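Beneath this line is the structure, given in structure tokens, with notes to follow.
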Amino acid sequence: MLDIALIREKPDWVKAQMEKLNDDAALQRIDRILELDGQRRTRRTRIETAQAARNKLNRAMGKLRGDKTMPDAEKAARAKGAGAAVSASDYDKARDLLDGSIALEIGDDADFNASFGELIKELRLMGDKIADGFDRVEAIEKELRELMLWLPNLPHPSVPVFAGEEHNLAGEMRGALREIDFEPKPHWELGPALGIIDFERGVKLAGSRYYVLKGWGARLQRALISFFLDQARANGYSELYTPYIVHSEMLYGSAQFPKFQDTVYGVAEEDKYLLPTAEVAITNLHRDEILEEADLPLNYVAHTPCFRSEKASAGRDVRGIKRVHQFEKVEMYKFTTPETSYAELEIMTQQAEDICALLEIPYRRLEIVTGDLGFSAAKKYDIEMWSPGCAEWLEVSSCSNTEAFQARRAMLRYYPSGSRKTRYPHTLNGSGLATPRVMIAIMENYQRADGSIVIPEVLRSYLGGADVIDAG
RNA sequence: GGAGAGGUGGCCGAGUGGUUUAAGGCGAUGGUCUUGAAAACCAUUGUACGGUUCUCCGUACCGCAGGUUCGAAUCCUGUCCUCUCCGCCA
């Protein structure tokens with residue numbers, strides 16, 4: 001979520017930033033947000049003032065009625081005068097009468113029950129008006145909040161301004177192409193031939209875009225996950241095992257909801273959802289907490305399955321296991337101060353690249369342009385591996401700095417050193433890495449003419465020292 | 001899944017409709033005293049939003065959401081969570 005104060009104070013600047021995102025619907029919400037924010041503040045001030053007056057009157061009346069020293073006749077007279085004052089909207093006078101700070105006017109006399117009854121009636125009317133006012137403010141705030149939840153994050157000034165993903169800036173390829181002196185095959189041919197991917201049975205169990213890994217396929221994936229986690233740990237991330245099913249509020253916190261509600265799977269009869277990425281769980285790990293600056297940066301890593309409905313991608317990438325409903329991912333995550341978040345983004349992206357290099361698979365970095373940033377990121381890099389069988393670049397990691405966008409949604413704050421004034425930390429997430437795609441890259445880069453696959457050197461210790469996967 | 005007991009500030013813990021504007025204690029922070037420390041004493045103490053603009057003021061928050069009432073931590077309803085016992089299970 002964006003800072004409402006920023007929109008209020010620099011509306012034109014915010015609009016100018018949002019224009020870079022190629023998201024007209026969001027841009028058009030700004031004026032309505034400004035209008036609602038103005039209304040809400042005027043109304044709230046007015047109602048809270050009335051509320052303060054009523055609270056004082058209630059308290060003063062209770063005190064007066066319970067007073068052991070004052071004669072009933074005076075209590076009744078004061079209540080009568082206060083009732084009249086409330087009726088005339090003179091709340092100060094009413095309060096002064098009730099708490100005894102002004103003297104009674106001469107000639108006041110009144111029936112005890114009738115006077116208090118009348119005063120209570122006036123207070124009830126006052127309370128009804130206040131309740132109506134709060135209802136209006138709450139309705140305004142609900143609409144305002146809903147609009148705010150639909151606003152994307154603003155891009156960092158360093159992000160290249162272009163409309164679409166075709167303009168993403170691709171860096172140089174790193175690492176050498178492996179020598180393949182035959183026509184490389186795609187993984188959807190290699191996998192079934194080796195008996196390590198079973199597409200038909202995956203479809204039988206769960207439908208299209210599901211698959212079964214068998215034997216070396218399943219083992220290779222498990223080895224990759226262990227390898228990824230070990231790398232992250234060596235880089236100072238502490239490992240988490242989290243629930244794979246979370247409350248819907250968590251999806252709002254990490255900004256999948258409300259905009260991308262149809263991309264996740266829900267649990268029937270419950271307001272809970274399967275993780276589309278571990279980012280959702282980790283973002284909300286410290287939800288509603290206030291951290292200390294001394295604890296930052298907090299570095300976490302978690303391996304989880306990821307479930308995505310991929311409705312928006314119907315018909316795309318239907319062959320093989322590039323785009324599936326369930327996959328495994330190791331996610332790196334950082335909570336940092338605003339001052340250090342961009343330096344940490346570079347570090348995290350480099351760490352993702354290092355894993356590609358260790359696997360000895362050619363890769364490149366993409367600098368994502370404003371029009372392709374997505375909803376939450378202020379800046380983003382993708383890492384792609386080259387895969388010769390299907391002859392394309394596969395996105396195996398995406399590293400983002402969301403700045404305070406998710407922290408604000410998840411009510412996550414920290415105390416700066418020596419201060420009790422809370423700030424929002426910045427949150428960063430990056431894959432390190434995701435498995436079916438890395439497996440594709442391994443199979444297609446390390447394939448040999450006979451259809452067997454050489455196991456990358458760094459994985460061999462995870463696989464009992466084996467160096468090749470063949471049909472045997 | 002069944003039965004019972006609970007949920008109050010950073011922590012412990014009082015609080016059965018209006019002197020509670022959440023007592024008291026612990027912790028933390030600042031100060032006094034001290035060569036230093038401890039002890040003692042004094043002061044301060046959360047979050048969000050709004051107003052004000054660097055200092056205050058106001059409103060809300062006692063698991064959460066509704067309700068009753070002039071007024072709710074307190075009464076009512078629902079819900080979530082925790083603990084104990086039983087059942088089931090890896």
Side-chain angles (χ1 to χ4, degrees), chain A residues 1 3-9 33 36-70 75-76 78-80 82-87 91-92 94-95 97-101 112-142 144-145 148 241 243 245-250 267 269-272 286-295 404 407-424:
Chain A
M1 207 153 48
D3 183 359
I4 184 77
L6 179 68
I7 298 176
R8 183 154 66 220
E9 284 153 25
I33 285 171
L36 289 171
D37 181 54
Q39 278 185 30
R40 122 173 218 279
R41 293 198 301 152
T42 349
R43 285 174 184 272
R44 184 164 275 282
T45 305
R46 200 168 63 220
I47 292 159
E48 288 186 352
T49 307
Q51 175 89 310
R54 193 200 56 165
N55 285 349
K56 284 200 180 82
L57 291 175
N58 273 328
R59 227 175 287 130
M61 182 188 76
K63 218 164 157 180
L64 177 71
R65 203 156 68 166
D67 193 315
K68 297 271 177 8
T69 58
M70 188 183 288
K75 289 185 191 177
R78 287 185 177 278
K80 187 180 177 187
V86 171
S87 179
Y91 304 129
D92 288 344
R95 190 198 56 219
L97 281 167
L98 290 175
D99 68 16
S101 60
F112 188 90
N113 287 329
S115 299
F116 275 95
E118 194 62 26
L119 175 57
I120 284 170
K121 203 181 95 188
E122 290 297 337
L123 289 174
R124 186 194 299 133
L125 286 171
M126 206 176 162
D128 289 346
K129 261 190 256 173
I130 290 167
D132 287 348
F134 272 120
D135 286 349
R136 298 278 289 279
V137 167
E138 273 164 22
I140 290 167
E141 288 181 347
K142 193 180 166 196
L144 182 60
R145 180 174 167 75
M148 290 295 288
Y241 171 81
I245 295 173
V246 295
H247 291 296
S248 61
E249 298 89 79
M250 309 307 146
V267 177
E269 307 293 323
E270 286 193 79
D271 189 27
K272 292 178 186 173
H286 296 292
R287 158 183 278 269
D288 297 327
E289 293 179 26
I290 305 176
L291 306 169
E292 297 289 343
E293 180 170 354
D295 296 331
R408 199 173 279 117
R409 285 175 168 241
M411 274 307 277
L412 165 64
R413 291 145 298 159
Y414 77 98
Y415 290 122
S417 305
S419 164
R420 292 270 100 184
K421 205 172 165 69
T422 59
R423 294 178 83 193
Y424 292 104

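As the structure is a computational prediction, the values presented were derived from the model and not from experiment. Chain A is the first sequence line, chain B the second, and so forth, proteins listed ahead of strands; every chain is numbered from 1.
The distance from atom CZ of A:Arg43 to atom CD of A:Glu138, rounded to the nearest 0.5 Å, is 13.0 Å. Rounded to the nearest 0.5 angstrom, A:Tyr424 OH and A:Met411 CE are separated by 5.0 Å. Here A:Gln51 contributes atom CD and A:Arg44 contributes atom CZ; the two are 10.0 Å apart, rounded to the nearest 0.5 Å. Summarising the geometry, atom CZ belonging to A:Arg46 is positioned 9.5 Å from atom OG1 belonging to A:Thr49; distances are rounded to the nearest 0.5 Å. For the atom pair CG of A:Asp99 and CZ of A:Arg78, the computed distance is 8.5 Å after rounding to the nearest 0.5 Å. A distance of 8.5 Å separates CG in A:Asp271 from NE2 in A:His247, rounded to the nearest 0.5 Å.
Note: NZ (A:Lys63) to C1' (B:U19) measures 6 Å, nearest angstrom. Rounded to whole Å, atom P of B:U69 lies 15 Å from atom CZ of A:Arg65. Rounded to whole angstrom, the span from the CG atom of A:Leu144 across to the P atom of B:G50 amounts to 10 Å. At whole-Å resolution of the value, CE in A:Met148 and P in B:C49 are 12 Å apart. Computed from coordinates, the A:Ile47 CD1 to B:G50 P distance equals 14 Å when rounded to whole Å. As rounded to whole Å, 14 Å separates atom C1' of B:C70 from atom OH of A:Tyr91. The nearest whole Å value for the distance from the CG atom in A:Leu119 to the P atom in B:G18 is 18 Å. Here B:U69 presents its P atom at 16 Å from NZ of A:Lys121, a figure rounded to the nearest Å.
Across all strands shown, B:A28 pairs with B:U44; the Watson-Crick or G-U wobble distances both stay below 3.5 Å. Base pairing of B:A72 is not made with any nucleotide, judged by Watson-Crick or G-U wobble geometry with both donor-acceptor distances under 3.5 Å. Nucleotide B:G36 forms a pair with no other nucleotide shown, judged by Watson-Crick or G-U wobble geometry with both contacts under 3.5 Å. Across all strands shown, B:A3 is found opposite B:U84 as a Watson-Crick or G-U wobble partner, with both distances under 3.5 Å. When Watson-Crick and G-U wobble pairs are counted only if both distances are under 3.5 Å, B:C64 pairs with B:G78.
OP1 or OP2 of B:U69 has not a single side-chain nitrogen or oxygen of A:Arg124 nearer than 4.0 Å.
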Atom pairs and distances, donor-acceptor, side-chain atoms in residues 56-64 of chain A, under 3.5 Å, two or more places apart:
none

Without placing hydrogens or testing angles, list every side-chain donor-acceptor pair under 3.5 Å for residues 115-132 of chain A, not counting sequence neighbours.
residue  : atom : partner  : partner atom : Å
A:Ser115 : OG   : A:Ala76  : O            : 3.4
A:Ser115 : OG   : A:Asp111 : O            : 2.6

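Taking the P atom of each, B:U59 and B:U34 are spaced 45 Å apart, rounded to whole Å. With C1' as the reference atom, B:G71 and B:C86 are 45 Å apart, rounded to whole Å. Taking atom C1' in both B:G17 and B:A72, one finds a spacing of 7 Å when rounded to whole Å. Nucleotides B:C61 and B:A73 are separated by 7 Å at their P atoms, to the nearest Å. For the P atoms, the distance linking B:C89 with B:A5 amounts to 28 Å, nearest Å. For the C1' atoms, the distance linking B:A60 with B:U21 amounts to 14 Å, nearest Å. B:G24 and B:U45 have their C1' atoms separated by 15 Å, with the value rounded to a whole Å. Annotation: B:C62 and B:G87 have their P atoms spaced 39 Å apart (nearest Å).
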Mind listing the N/O atom pairs, protein and nucleotides 74-83 of chain B, below 3.5 Å?
none

Below 3.5 Å is the cut-off: list the nitrogen or oxygen pairs between protein and nucleotides 57-64 of chain B, distance only.
residue : atom : partner : partner atom : Å
B:G58   : N2   : A:Glu48 : OE1          : 2.8
B:A60   : OP1  : A:Gln51 : NE2          : 3.1
B:A60   : OP1  : A:Asn55 : ND2          : 3.4

Distances under 3.5 Å between nitrogen or oxygen atoms of protein and nucleotides 43-47 of chain B:
residue : atom : partner  : partner atom : Å
B:G46   : O3'  : A:Tyr415 : OH           : 3.3
B:U47   : OP1  : A:Tyr415 : OH           : 2.6
B:U47   : O3'  : A:Arg413 : NH1          : 2.8

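Counting heavy atoms from C-beta on, the side chains of A:Arg145 and A:Met1 come closer than 4.5 Å. At a threshold of 4.5 Å between non-hydrogen side-chain atoms, the residues A:Ile47 and A:Arg136 do not count as touching. Within the 4.5 Å cutoff, side-chain heavy atoms of A:Asp37 are placed close to those of A:Ile4.
The residue A:Arg8 sits close only to the backbone: its heavy atoms come under 4.0 Å of sugar-phosphate atoms, none of a base.
Partners of A:Glu249 under the side chain to side chain donor-acceptor pair (under 3.5 Å) rule, at least two apart in sequence or in another chain, do not exist in this structure.
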